[in-house]
Amino acid sequence: MFKKTLMAIAMSGTMVATSVQAGEVEVLHWWTSGGEARSIAVLKQMVEDAGHTWKDFAVAGGGGENAYTVLRSRAVSGNPPASAQIKGLEIQEWGDLGFLASLGQVAERNNWDDVLPAVVSDVMKHRGEYVAAPVNVHRVNWMWANPAVFENAGVSIPTTLEELWTAADQLQAAGVTPIAHGGQPWQDATTFESIVLAVGGADFFNDVFVEHNASALESDTMIQAFREFRKVKDYIDRGAPGRDWNVATSMVIRGEAAMQFMGDWAKGEFTAANMQPGSDYVCMAFPGTEGEFTFNIDSLAMFKQRTAANSEAQLKMAELVLSPEFQETFNLNKGSIPARTDMDMSKFDSCALASMDTFIATAESGQGLVPSMAHGMSTTSTVQGAIYDTVTEFFNSNMSAEDATTRLARAIRAAQ
Ligand code: GAL
């Protein structure tokens, strides 16, 4: 029903003409944490330097659920913003509804097909045509650790799941909160998918989160993943429920917790706090996932415009997004790596270089590069929502791992 309404609006050409001035680009995003705000400010500056007006439309809420809700209501009222931070399969969903503008000419003029790896450009295209511009590639399966906290407690930073639980026990015995966690569905899902990767490996991850293969979903490996996930609960503090991800990062920054499991947007917070990787904080693959890469590509999709001036501003912004200058500055602030693989990486730190190496190696070998479920890369928003619900309910109840496995398989089937 909702889809039909949206499609009718997009097709009928009855979109309400916005009262915006020529050359304005309104951008909906959820980049409001310290590191995120510094990153998006780079684009604002560049758009303004190009002579256009930037209208900021920030909707707070990590992971973007709130932003997506607002986007839908703006679209339903026939007044979508010029551009929105839409990712992964959502791009296809909005493209199918007929809302998105083609970036074909900008892409061709600037050789996007040559500078972007296929794993990125595939996501940006709807029916073969560019409709979104990628700003970065985030790696999700990271662990952020405060080395001083580990050292003071005499504990080694873990590299496997087994070591993780041993380290967590030792940290707890030393009076430290081992894991900084924010109890929000998308954050639960972010940790859960890293555990699925650690327990089952990349092929299993794809069977579960991309293919939704019944035998993988109902397997003992899945039960094992839920069991491991439950253990996280023993090592988080009482303030975790509802906590924003960047508040959890600041616990690690301040030494109030030893580690956080989060994508490398967390690095943007360490950078904004003037901390240096290797000495002040440590980035390591989520325990048990070294050499694997869960990708999350942020992108700005462009909505059809009613005035030539606004279309021009929008196309200019798309061009700027792919410029090496933007890709460098934005990603230095954001914690991610550039979407372009032909970049000079000399200004990037050891975490970004490790990320780039693993990204390229996994993309070339075809082994270990997986799309993030928690961040909308692997499946539809409906299936993702069903997974979020089950994972969060499991985490916050006494549901057995066996029941969770059965329920997850059922929920995914129903949402497909
Ligand atoms: C992700 C997004 C990142 C980061 C994070 C927290 O979904 O891709 O860029 O912003 O949410 O808000």
Side-chain angles (χ1 to χ4, degrees), residues 27-43 56-71 83-91 119-120 123-124 132-142 144 180-194 209 242-250 252 260-272 283 293-301 321 326-327 329-339 351-352 355 359 370-379 381 384-385 387-388:
V27 183
L28 172 63
H29 62 92
W30 63 88
W31 288 324
T32 56
S33 78
E36 290 173 332
R38 272 161 48 112
S39 312
I40 190 72
V42 175
L43 189 58
D56 201 50
F57 187 6
V59 179
E65 264 184 289
N66 298 346
Y68 281 150
T69 306
V70 174
L71 176 61
S83 177
Q85 184 188 349
I86 306 179
K87 305 188 300 182
L89 296 195
E90 285 261 345
I91 297 174
V119 66
V120 175
V123 180
M124 302 302 132
V135 297
N136 65 4
V137 177
H138 272 302
R139 184 185 189 190
V140 182
N141 58 317
W142 279 117
W144 307 92
H181 183 65
Q184 297 175 345
W186 75 271
Q187 293 188 66
D188 296 342
T190 298
T191 299
F192 180 69
E193 74 173 15
S194 286
F209 293 130
R243 178 186 284 138
D244 286 329
W245 68 271
N246 53 317
V247 177
T249 310
S250 70
V252 179
Q260 182 187 17
F261 309 134
M262 190 47 66
D264 43 21
W265 46 94
K267 201 186 79 184
E269 301 305 296
F270 289 100
T271 307
C283 58
F293 194 110
T294 312
F295 69 85
N296 170 22
I297 306 162
D298 284 317
S299 45
L300 293 167
V321 162
F326 171 78
Q327 293 271 326
T329 319
F330 177 88
N331 287 299
L332 285 170
N333 289 326
K334 188 74 167 68
S336 34
I337 54 173
C351 300
S355 181
F359 180 60
V370 295
S372 169
M373 172 280 295
H375 297 275
M377 297 286 129
S378 79
T379 188
S381 52
Q384 182 198 38
I387 301 175
Y388 274 22

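Whatever order the structure lists ligands and atoms in, that order sets their numbers, starting from 1.
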Considering only heavy atoms from C-beta outward, does the side chain of K267 approach that of C283 to under 4.5 Å? no
Would you call the rings of W186 and W265 parallel, tilted or perpendicular, taking 30° and 60° as the class edges? tilted
Protein contact to atom 10 (O) of ligand 1 [nearest heavy atom, distance to 0.1 Å]: E36 OE2, 2.5 Å
Looking only at protein heavy atoms, identify the closest one to atom 7 (O) of ligand 1 and say how far it is in Å. K87 NZ, 2.7 Å
Could you tell me how the ring of F209 sits relative to the ring of F192: parallel (under 30°), tilted (30 to 60°) or perpendicular (over 60°)? perpendicular
Could you check whether H29 and D56, counting side-chain N and O atoms only, form a donor-acceptor pair closer than 3.5 Å? yes
A student checking ligand 1 against W245 at a 4.0 Å heavy-atom cut-off should list atoms 6 (C), 12 (O)
Just to check, does G64 reach to within less than 4.0 Å of ligand 1 when the distance is taken from its heavy atoms? no
Under a 4.5 Å cut-off applied to non-hydrogen side-chain atoms, are F330 and V321 in contact? no
Hey, does H375 come in under 3.5 Å of ligand 1, counting only N/O atoms on both sides? yes
From CA spacing to verdict: side chain to side chain contact (heavy atoms under 4.5 Å, CB included), D298, S336: CA-CA 10 Å; D298 284 317; S336 34; 5.9 Å; no
Starting from atom 2 (C) of ligand 1, which protein heavy atom do you reach first, and at what distance in Å? D298 OD1, 3.4 Å
So, regarding W186 and ligand 1 (criterion: nitrogen or oxygen to nitrogen or oxygen, under 3.5 Å), is there a contact or not? no
Looking only at distances, please establish whether an N/O atom of ligand 1 is found under 3.5 Å from an N/O atom of K334. yes
The atoms of ligand 1 lying under 4.0 Å from a heavy atom of W31, numbered in the order shown, are 9 (O), 10 (O)
Residues E193, N141; criterion side chain to side chain donor-acceptor pair (under 3.5 Å); working and verdict: CA-CA 8 Å; E193 74 173 15; N141 58 317; over 6 Å; no
